[in-house]
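Below is one structure, written out as structure tokens; comments come after it.
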Amino acid sequence: MPFEEKVTWVNAVVTVLAASWYAWTVGGRLGQLPVTEIAYQRPLLFAVGAMIVLTIAGTIAMAIGTAIRAEVTGEGSVDDIDRKDERDAHIDARGDRVAFYVSSALMVGVLAMAMLEWQHFWIANGVFAAFVAGGLTSSAVKLAAYRRGF
Amino acid sequence: MGKPTQVTNNIRALRFAAGEMTQADLADRVGLTRQTIIAIEQGRYSPSLEVAFRIARVFGVPLERVFAYPEVEP
């Protein structure tokens, strides 16, 4: 598996974990409190921060694991474990382009919510949802390209 | 996804003719990942012209000995 594909898996798993934790934490309060009283700010910032930190940590751990495996099995070399070539760059660009369309479409919806003066809760969570959907779309497109050919 | 390319190649045969060069060796020499070499060999990825020339140079043959394109498009 190419290094960039592994990085994409790390991104996808971290995004799902962080977004699920946030949805479980904040979503559980939806039926119990008015949205104006739900303290979503800290969990939201924590989820975004966790995505960044866990992605970095996961990538480092994956790189170390790949290097150790290359040494033990003799398959591949430590020098080329993080090699990125033109195919990786093309797949990366395709994933980001599709993700841009998805995020943009969702952000138009959030823009409409803002213009219609929805509660801040919904606008903030709409932005977060667009962010998460874009990230997951990017990962899905990239993984499909790696698995099914590009 | 996975558009079938009409470009065919003889990389596998050329590797074996070059002392059974491994995909990893070829990848190292042209600066690609082994997975990209596999994708090229299987016709799942068409490399850039620059990479195609680098691959041909590794085997010391003209580009046409490595890659081919059908005379008549289907």
Side-chain angles (χ1 to χ4, degrees), chain A residues 1-12 59 62-102 134 136-150, chain B residues 1-16 18-59 61-70 73-74:
Chain A
M1 187 185 290
F3 186 81
E4 290 299 315
E5 185 178 351
K6 292 177 185 171
V7 171
T8 306
W9 275 111
V10 170
N11 277 328
T59 302
M62 182 269 294
I64 292 171
T66 303
I68 292 172
R69 185 173 180 274
E71 280 292 322
V72 171
T73 65
E75 292 176 12
S77 63
V78 176
D79 295 333
D80 69 5
I81 57 168
D82 63 345
R83 183 178 291 163
K84 181 175 182 176
D85 63 22
E86 62 174 35
R87 178 167 167 264
D88 293 311
H90 289 157
I91 289 173
D92 198 40
R94 174 183 282 189
D96 288 348
R97 188 175 65 246
V98 176
F100 171 77
Y101 293 138
V102 170
L136 290 178
T137 301
S138 173
S139 295
V141 169
K142 290 176 191 176
L143 292 174
Y146 277 116
R147 294 278 120 189
R148 293 162 57 185
F150 180 81
Chain B
M1 245 17 112
K3 80 176 169 58
T5 175
Q6 292 182 48
V7 178
T8 58
N9 68 81
N10 299 312
I11 294 175
R12 190 177 173 82
L14 288 164
R15 280 195 299 108
F16 279 95
E20 301 199 356
M21 180 189 295
T22 64
Q23 291 169 328
D25 288 338
L26 179 59
D28 285 340
R29 294 182 67 172
V30 294
L32 300 176
T33 63
R34 190 172 66 86
Q35 289 76 18
T36 296
I37 295 294
I38 293 169
I40 294 170
E41 281 193 10
Q42 294 177 345
R44 291 189 289 113
Y45 176 67
S46 292
S48 68
L49 195 54
E50 188 174 338
V51 166
F53 272 110
R54 288 212 301 266
I55 292 172
R57 188 159 296 171
V58 167
F59 297 118
V61 297
L63 195 61
E64 295 80 3
R65 286 275 310 281
V66 185
F67 295 97
Y69 193 74
E73 292 194 32

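All values reported here derive from a predicted model rather than from experimental measurement. Below, chains carry the letters A, B, ... as their sequence lines are ordered, and counting in each starts from 1.
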Would you compute the distance between atom OG1 of T33(B) and atom CZ of R87(A) and round it to the nearest 0.5 angstrom?
6.5 Å
Closest heavy-atom pair and its distance - P47(B), E86(A)
CA-OE2, 3.4 Å
D85(A) CG to I37(B) CD1 distance, which is reported to the nearest 0.5 Å
8.5 Å
Starting from the C-alpha separation in whole Å, work towards a yes-or-no answer on side-chain contact (heavy atoms from CB on, under 4.5 Å) for R83(A) and D28(B).
CA-CA 10 Å; R83(A) 183 178 291 163; D28(B) 285 340; 3.1 Å; yes
Pairwise distance NE2(H90(A)) to OG(S46(B)) - rounded to 0.5 angstrom
11.0 Å
Judged by atom type as modelled, is there a donor-acceptor pair below 3.5 Å linking the side chain of R44(B) to the main-chain atoms of R148(A)?
no
